[in-house]
Amino acid sequence: MFVPIPPRDKPPLPWAMPTVFVALWGCFVVASLLPDSSQRRLLVEWGALSGDLRSWAAAWASLADGHLARLVTALFLHADWAHLIGNLLFLLIFGAPAERAMGPWRFLALFLLGGAVANLAAVLAIDRPDRLIIGASGAVSALIGAYLALFPSARLGLVLPLGLFLQFVRMPAAVLIGVWAGLQLVYTFVGPAFGAVAWSAHLAGFAFGGAFAVLSRGAIKRRMKRGHGF
């Protein structure tokens, strides 16, 4: 008796997350090489601005002239090295497993759409007009939301400083991400650097990522089964 065994193809090398990583890094390096005046003009011309979409007429005009694309281009602009490295670190932690689960194209759609929705939320939520909104933190928050929806029982490693020693512990991802999301909610109203950090963008991106993963769960499960030869 012969039982046919479905072939198990080797999983393709991930390319979407590394591409986004390089793009974020490269855009910052290129911008940092420009003179200060050119850097400021680049941020103003390609970053999102609060107060831009306060009416339907303004929204339609932005859509018609391509101005709405700033919600995406702002993802690739960062204020300084700390801003960039923080986003890249979270991109590595949550982006790699997200791409393995959902595939490169769905990953890119999540990153770009989630980041745009997050920036839109910040544009509408910030009361003061002409505040510059830049950075990939909204898109990274979407990846965190998707990670929690896809891997609710996962555990994340955490390094705790205990006196002179560092202790590595593993904690449920739902607990750590839940604490993070709660802090974003609190910081939206009374947080540090209020007005300088778009906490509302983090919340909007997180919610979008979770909804995106839930709605795509069936397709993601079928993709993972095919990858295991079933």
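Note that the coordinates shown come from a computational prediction; the quantities given were computed from them, not determined experimentally.
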Calculate, to the nearest 0.5 Å, the distance between atoms [atom1] and [atom2] belonging to [X] and [Y] respectively.
{"X": "R100", "Y": "I220", "atom1": "CZ", "atom2": "CD1", "value": "13.5 Å"}
{"X": "R41", "Y": "D36", "atom1": "CZ", "atom2": "CG", "value": "11.5 Å"}
{"X": "L148", "Y": "I177", "atom1": "CG", "atom2": "CD1", "value": "4.5 Å"}
{"X": "L120", "Y": "L124", "atom1": "CG", "atom2": "CG", "value": "4.5 Å"}

Contacts of type side-chain contact (heavy atoms from CB on, under 4.5 Å), residue [X], not counting sequence neighbours:
{"X": "L34", "result": "S38, Q39, L42"}
{"X": "S153", "result": "none"}
{"X": "A201", "result": "A118, A122, A198"}
{"X": "A79", "result": "H83, I134"}

Does F76 belong to the same Ile/Leu/Val/Met/Phe/Trp/Tyr cluster as V44, with side-chain heavy atoms less than 4.5 Å apart forming each link?
no
Hydrophobic cluster identity match, W25 and V30, side-chain contacts under 4.5 Å:
no
Partners passing ring pair (Phe, Tyr, Trp, His ring centres under 6.0 Å) against [X] (at least two apart in sequence or in another chain):
{"X": "F90", "answer": "none"}
{"X": "F28", "answer": "W81"}
{"X": "W105", "answer": "W15"}

Measuring only between side-chain heavy atoms, which start at C-beta, is [X] closer than 4.5 Å to [Y]?
{"X": "L113", "Y": "L110", "result": "no"}
{"X": "R70", "Y": "T73", "result": "yes"}
{"X": "V140", "Y": "F94", "result": "no"}
{"X": "N119", "Y": "L75", "result": "yes"}

Restricting to non-hydrogen atoms, name the atom on [X] and the atom on [Y] that form the minimum distance, rounded to 0.1 Å.
{"X": "F107", "Y": "A98", "answer": "CD1-CB, 4.3 Å"}
{"X": "E99", "Y": "P18", "answer": "OE1-CD, 4.0 Å"}
{"X": "A219", "Y": "R106", "answer": "CB-NH2, 3.6 Å"}
{"X": "A48", "Y": "A74", "answer": "N-CB, 3.6 Å"}

Going through the distances and angles, do L49 and I133 end up as a side chain to side chain contact (heavy atoms under 4.5 Å, CB included)?
CA-CA 6 Å; L49 294 174; I133 301 165; over 6 Å; no
Show every donor-acceptor pair shorter than 3.5 Å between a side-chain atom in residues 206-217 and any protein atom, with sequence neighbours excluded, or say none if there are none.
residue	atom	partner	partner atom	Å
S216	OG	F212	O	2.8
R217	NH2	A149	O	2.8

Contact list for residues 115-137, test ring-ring contact (aromatic ring centres under 6.0 Å, His included), sequence neighbours left out:
none
Residue pairs fulfilling side-chain hydrogen bond (donor to acceptor under 3.5 Å, both in side chains) with at least one residue in residues 84-96, sequence neighbours excluded
H78-N87
Which side-chain hydrogen bond (donor to acceptor under 3.5 Å, both in side chains) pairs, counting each pair once, include a residue from residues 133-147, with sequence neighbours left out?
S137-H202
Between the main-chain N or O of A125 and the side-chain N or O of S200, is there a donor-acceptor pair closer than 3.5 Å?
no
Only one of T19, L84, V29 clears side chain to side chain contact (heavy atoms under 4.5 Å, CB included) with L24; which?
L84
